[in-house]
Amino acid sequence: MFSDTEGGIIYSLSRDKILSTMLKIRAFRAVDDEVACLGFMEGHARVLADYGITSISSNNSEWKDSASVYVIVAEKEDGTIVGGGRLHLTDGIDLLPVEKAIGDQDVRLKDILYSYPLGETGELCGLWNARQIAGSGLSILLVRSLIAITSQIGLRSLFTFCSEYTIELGRRVGFQLESGVGDNGAFIYPGINYLGRVFRIPDIYTIETATEYDRARILELRMRPDQTCLEQGSKGEVQIYYDLLISGIVEVNKSDALLN
């Protein structure tokens with residue numbers, strides 16, 4: 001499951017420098033892997049419960065049956081899911097999670113979300129990682145992976161609803177505050193003690209709003225969605241096998257223009 005792959009980037013894999021956890025980060029359409037979706041939901045619910053949160057609108061089982069939802073999971077060698085995130089595309093059938101959560105607080109939100117044709121924008125949501133791998137830097141790896149796969153599914157832009165403690169992570173990968181909704185982008189959710197803000201990457205193809213390093217890593221994952229490398233976390237290096245080629249999608253955008 002974690003073997004090196006031809007054509008992928010292989011950094012120095014000296015085992016004495018690597019944390020004991022080695023992870024596989026893979027992408028799939030929700031309707032194609034029900035078992036993984038169930039593992040995702042169970043892990044996400046546990047993490048939310050640890051923080052005393054039980055009322056997140058996106059924490060449900062409806063999304064696993066939607067052909068407009070794509071999933072990233074991080075798995076240990078035994079298959080245990082220890083983190084993940086999702087992309088929900090606009091499809092004219094199901095509301096995006098951010099619409100369900102705060103849409104009734106500001107009618108302008110719908111106008112912004114649907115300023116793009118159906119299927120050409122969506123929402124990054126449901127990001128989580130288990131406490132057992134704290135310090136691995138998994139959150140940023142998952143977010144980069146989610147943004148990387150947007151080129152496979154034809155997105156032009158991407159929204160997200162950030163809590164206060166994830167704003168800096170979002171800015172790193174190119175999300176910018178959507179100040180035209182709420183109170184300068186801010187909404188009270190899921191309760192009076194919590195504040196979240198709506199962000200958008202205006203051009204998911206170029207991601208020019210991301211930091212230089214994060215943009216380079218995202219574009220590398222687009223060019224080579226199947227690779228093994230070391231990633232640096234606060235507690236050491238972690239070996240990651242990226243398996244981001246989504247089954248059923250014929251061609252990944254590998255244009256050399258992405259690297260210019």
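Computed from heavy atoms alone, side chains included, the values below leave out hydrogens, waters and symmetry copies.
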Does the side chain of [Y] come within less than 4.5 Å of [X]'s, by heavy atoms?
X      : Y      : result
Tyr116 : Thr90  : no
Glu99  : Tyr114 : yes
Glu178 : Ile112 : yes
Arg156 : Pro117 : yes
Asp214 : Ile207 : no
Tyr241 : Met22  : no
Phe28  : Cys37  : yes
Arg86  : Phe40  : yes

>> Applying the salt bridge (Lys or Arg N to Asp or Glu O under 4.0 Å) criterion to Glu220, which one of Arg222, Arg217, Arg224 satisfies it?
In response: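 Looking at Arg222, Arg217, Arg224, the match for Glu220 under the salt bridge (Lys or Arg N to Asp or Glu O under 4.0 Å) is Arg224.
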Donor-acceptor under 3.5 Å ([X] side chain, [Y] main chain):
X      : Y      : answer
Ser66  : Ser68  : yes
Ser163 : Gly196 : no
Ser179 : Asn184 : no
Gln105 : Ile188 : yes
Arg215 : Thr206 : yes
Thr121 : Ser157 : yes
Thr150 : Leu155 : no

>> Walk me through whether Val69 and Asp94 qualify under side-chain contact (heavy atoms from CB on, under 4.5 Å).
In response: CA-CA 10 Å; Val69 175; Asp94 298 314; over 6 Å; no
Gap between atom [atom2] of [Y] and atom [atom1] of [X] - 0.5 Å precision:
X      : Y      : atom1 : atom2 : result
Glu231 : Leu138 : CD    : CG    : 10.0 Å
Ile72  : Leu244 : CD1   : CG    : 5.0 Å
Ile204 : Leu87  : CD1   : CG    : 8.5 Å
Leu23  : Glu77  : CG    : CD    : 9.0 Å
Leu230 : Ile240 : CG    : CD1   : 9.0 Å
Arg144 : Leu169 : CZ    : CG    : 9.0 Å

Honestly curious: do [X] and [Y] fall in one hydrophobic cluster under the side-chain, below-4.5 Å linking rule?
X      : Y      : answer
Leu118 : Leu109 : yes
Val31  : Tyr70  : no
Ile246 : Leu219 : yes
Leu95  : Phe187 : no

Is the shortest side-chain N to carboxylate O distance from [X] to [Y] below 4.0 Å?
X      : Y      : answer
Glu164 : Arg197 : yes
Arg108 : Asp106 : yes
Lys100 : Glu123 : no

> Excluding sequence neighbours, so at least two apart, what forms side chain to side chain donor-acceptor pair (under 3.5 Å) with Asp33?
Replying inline: Arg26
>> The test is side-chain contact (heavy atoms from CB on, under 4.5 Å); show your working for Val98 and Leu113 and say whether it passes.
In response: CA-CA 10 Å; Val98 69; Leu113 292 174; 4.0 Å; yes
>> Ring-plane angle category for Trp128 and His44, please: parallel below 30°, perpendicular beyond 60°, tilted otherwise.
In response: parallel
> So Leu38 and Lys64, side-chain contact (heavy atoms from CB on, under 4.5 Å) or not? Walk me through it.
Replying inline: CA-CA 8 Å; Leu38 293 173; Lys64 70 180 179 65; 4.2 Å; yes
> Is it true that atom CD of Glu212 has more than 12 heavy atoms of other residues, nucleotides or ligands lying nearer than 6.0 Å?
Replying inline: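 Count not over threshold, so no.
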>> Quick check on Glu34: does its CD atom have over 12 non-hydrogen neighbours (other residues, nucleotides or ligands) under 6.0 Å away?
In response: no
> Step by step, would you call Phe175 with Ile167 a side-chain contact (heavy atoms from CB on, under 4.5 Å)?
Replying inline: CA-CA 9 Å; Phe175 281 104; Ile167 286 177; over 6 Å; no
Minimum heavy-atom separation for [X] and [Y], please, with both atom names.
X      : Y      : answer
Leu124 : Ile147 : CD1-CG1, 4.4 Å
Leu142 : Ala74  : CD2-CB, 4.2 Å
His88  : Cys125 : CD2-SG, 3.4 Å

